[in-house]
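In what follows, a single structure is set out as structure tokens and then discussed.
Residues: numbered from 1 along the sequence shown. The basis for the numbers below is simple: all heavy atoms, side chains too, and nothing from hydrogens, waters or symmetry mates.
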Amino acid sequence: MDVIGDLLHGARAQGGMFCQALSSPPWSIRFVVPAPMTLTTMVRGEAWMVPDVGEARLLRPGDVALTHGERPFVIADSPETVPLVFIYGETCMGEVNELGPGTYGSVDGDSLMVIGSYQVGGDRCRRLFGVLPKLLVVPGDDARLGPALELIRAEIAGSAPGRQVVVDRLLDVLLVVALRAWFAREEADTPRWYAALGDPQVGRALRLIHEMPAAAWTVVSLAEAVGMSRAAFARRFSALVGQPPLTYLTEWRMTLAADLLARPETTVAAAARHVGYADAFGFSAAFKRVRGVSPSVVRAGR
């Protein structure tokens with residue numbers, strides 16, 4: 001199990017749009033009610049990403065921008081351009097020319113961008129979003145992005161059947177690659193658990209926890225699994241991750257349980273079994289200690 005993949009479990013681009021800008025400025029699109037997460041990359045030309053709160057960022061060809069948190073933002077030829085088109089979730093208002101499935105604007109547009117919307121939610125994604133800025137930009141000159149961007153450019157230029165599906169999946173790949181590239185940048189506030197993934201022993205322990213969260217892990221069994229003594233493993237894990245192994249394990253179990261409890265068909269007992277608790281009482285006590293509310297409150301509030 002890949003930890004980043006685990007945190008992005010269920011995140012899939014939906015209806016990635018090929019948005020061609022108008023043939024000449026001014027043009028501006030305001031996302032009044034954006035998706036929980038939006039990925040934008042410039043294929044041709046430049047654009048400005050202007051969040052309601054925070055600094056405007058210039059996007060050049062190949063740059064990848066990621067926004068999350070459903071805060072309104074604008075993409076335009078200039079930060080000063082008044083919005084001409086307004087996006088409310090899946091509804092578009094304004095003068096928009098539809099050129100084909102998922103493609104809008106003008107055939108001879110100077111700029112071409114690809115936007116993928118992600119309907120993500122749950123505690124897993126919030127755990128990742130908590131360490132990301134509301135708007136991050138990975139420059140297109142980052143070598144990590146090259147292969148994914150080339151595939152997207154090639155697919156957009158073609159007209160083969162299933163193009164929309166292919167571009168959606170390529171946007172999923174680009175999302176993971178962009179996050180890797182972001183965490184490698186000096187400006188990133190890299191979470192300690194991400195940096196710890198590079199450690200042979202602690203990284204292996206983290207992957208085991210994510211692969212088998214319901215296993216009856218102890219500090220001893222984790223240490224044995226990665227070939228370390230109990231004391232040395234506990235010290236190293238705490239130093240790199242920032243918390244003891246079993247604390248991390250319990251918090252991750254409760255994160256998974258919270259997502260499970262959001263499903264109507266999941267009972268407290270079923271969630272308990274899924275994350276390794278033999279009875280609902282012990283699970284409920286642990287859940288309330290970690291989350292501050294009982295599992296039944298989460299189920300009632302879903």
Original post:
Would the number of heavy atoms belonging to other residues, nucleotides or ligands and lying under 6.0 Å from CZ of Arg230 be above 12?
Top reply: no
Original post:
Is Met49 linked to Val32 within one hydrophobic cluster, defined over Ile, Leu, Val, Met, Phe, Trp and Tyr using a side-chain heavy-atom separation of less than 4.5 Å?
Top reply: no
**OP:** With rounding to the nearest 0.5 Å, note down the distance linking OH in Tyr194 to CG in Leu240.
**Re:** 15.0 Å
Original post:
Got a second to check how far Leu174's CG is from Ile152's CD1, nearest 0.5 Å?
Top reply: 4.5 Å
Original post:
Can you find a pair of side-chain heavy atoms, one from Arg169 and one from Asp172, that are under 4.5 Å apart?
Top reply: yes
Subject >> Joint hydrophobic cluster, Val74 plus Phe86, side-chain heavy atoms closer than 4.5 Å >> reply: no
**OP:** Under the side chain to side chain contact (heavy atoms under 4.5 Å, CB included) rule, what do Met93 and Tyr88 come out as? Steps first, then yes or no, please.
**Re:** CA-CA 8 Å; Met93 298 181 64; Tyr88 294 83; 3.6 Å; yes
Original post:
How far does CG of Leu136 sit from CG of Leu66, to the nearest 0.5 angstrom?
Top reply: 4.5 Å
Original post:
Are the side chain of His274 and the backbone of Ala269 linked by a donor-acceptor contact shorter than 3.5 Å?
Top reply: no
**OP:** Please answer whether the main-chain N or O of Gly203 pairs with a side-chain N or O of Arg207 as donor and acceptor at a distance below 3.5 Å.
**Re:** yes
Original post:
Is Arg60 salt-bridged to Asp63, going by a charged N under 4.0 Å from an acidic O?
Top reply: no
Subject >> Cluster check Phe129, Val64: I/L/V/M/F/W/Y, side chain < 4.5 angstrom >> reply: yes
**OP:** Using modelled atom types only, decide if a donor and an acceptor are shared between the side chain of Arg44 and the backbone of Gly109 within a distance under 3.5 Å.
**Re:** yes
Subject >> Considering all heavy atoms, the nearest Leu149-Gly62 contact >> reply: CD1-O, 3.3 Å
Subject >> Pairwise side-chain contact, Arg253 with Tyr277, heavy-atom cut-off 4.5 Å (strictly under) >> reply: yes
Original post:
Heavy-atom distance under 4.5 Å between the side chains of Ile75 and Trp27, does that happen here?
Top reply: yes
**OP:** Compare all side-chain heavy atoms of Phe287 with those of Val298 and state whether any distance is below 4.5 angstrom.
**Re:** yes
Original post:
For Gln243, does its backbone N or O pair with a side-chain atom of Thr247 as donor and acceptor, under 3.5 Å?
Top reply: no
**OP:** Work out which heavy atom in Phe233 is nearest to a heavy atom in Val219; give both atom names and the distance.
**Re:** CD2-O, 3.9 Å
Subject >> Closest non-hydrogen atom pair, Phe183 against Pro191 >> reply: CE2-CD, 3.5 Å
Subject >> Arg153 atom CZ, over 12 foreign heavy atoms within 6.0 Å >> reply: yes
Subject >> Tyr118 side, atom OH; Leu39 side, atom CG - distance, nearest 0.5 Å >> reply: 5.0 Å
**OP:** Begin with the C-alpha distance, continue with both residues' side-chain angles, and end with the deciding distance and a verdict on side chain to side chain contact (heavy atoms under 4.5 Å, CB included) for Val173 and Val177.
**Re:** CA-CA 6 Å; Val173 172; Val177 174; 4.2 Å; yes
Subject >> For the student: nearest non-hydrogen atoms of Ala223 and Ser229, plus distance >> reply: CB-O, 3.8 Å
Original post:
Counting only heavy atoms not in Glu55, do more than 12 sit closer than 6.0 Å to its CD atom?
Top reply: no
Subject >> Validation row: Ile209, Trp252 side chains within 4.5 angstrom (heavy atoms) >> reply: yes
Original post:
Does Arg71 use its side chain to pair, donor to acceptor, with the backbone of Lys134 at less than 3.5 Å?
Top reply: no
**OP:** Might you point out which heavy atoms bring Val268 and Ala280 nearest each other, and give the distance in Å?
**Re:** CG1-CB, 4.2 Å
Original post:
Taking the six-membered ring for Trp, are Tyr248 and His210 parallel (under 30°), tilted (30 to 60°) or perpendicular (over 60°)?
Top reply: tilted
**OP:** Could you walk me through whether Glu46 and Leu59 pass the side chain to side chain contact (heavy atoms under 4.5 Å, CB included) test, one step at a time?
**Re:** CA-CA 6 Å; Glu46 297 181 345; Leu59 303 184; over 6 Å; no
Original post:
Transitively linked via ILVMFWY side-chain contacts under 4.5 Å: Trp48 with Ile29?
Top reply: no
Original post:
Do side-chain atoms of Arg30 reach the backbone of Leu84 as a donor and acceptor pair under 3.5 angstrom?
Top reply: no
**OP:** Check whether any side-chain N or O of Thr81 sits under 3.5 Å from a backbone N or O of Asp77 as a donor-acceptor pair, and report yes or no.
**Re:** no
Original post:
Taking the side chain as C-beta and beyond, is there a heavy-atom pair between Phe283 and Met254 under 4.5 Å?
Top reply: yes
Original post:
Judged by atom type as modelled, is there a donor-acceptor pair below 3.5 Å linking the side chain of Trp217 to the main-chain atoms of Met212?
Top reply: yes
Subject >> Asp199 side chain reached by Arg204 side chain, heavy atoms, under 4.5 Å >> reply: no
Subject >> Ser221 versus Thr218, side-chain donor and acceptor atoms under 3.5 Å >> reply: yes
Original post:
Is there a side-chain contact between Ile87 and Val33, using heavy atoms and a 4.5 Å cut-off?
Top reply: no
Subject >> Spacing of CE belonging to Met42 relative to CG belonging to Leu58, to within rounding of 0.5 Å >> reply: 9.0 Å
Original post:
When you look at Leu132 and Leu179, which way does the side chain to side chain contact (heavy atoms under 4.5 Å, CB included) test go after all the steps?
Top reply: CA-CA 9 Å; Leu132 296 176; Leu179 286 174; 3.9 Å; yes
Subject >> Euclidean distance, Thr266 OG1 relative to Asp259 CG, rounded to 0.5 Å >> reply: 10.0 Å
Subject >> Residue pair Ala205 / Val226: nearest heavy atoms and the distance that separates them >> reply: N-CG1, 3.7 Å
**OP:** Kindly work out whether a path of hydrophobic side-chain contacts (I/L/V/M/F/W/Y, heavy atoms less than 4.5 Å apart) joins Val290 to Leu261.
**Re:** yes
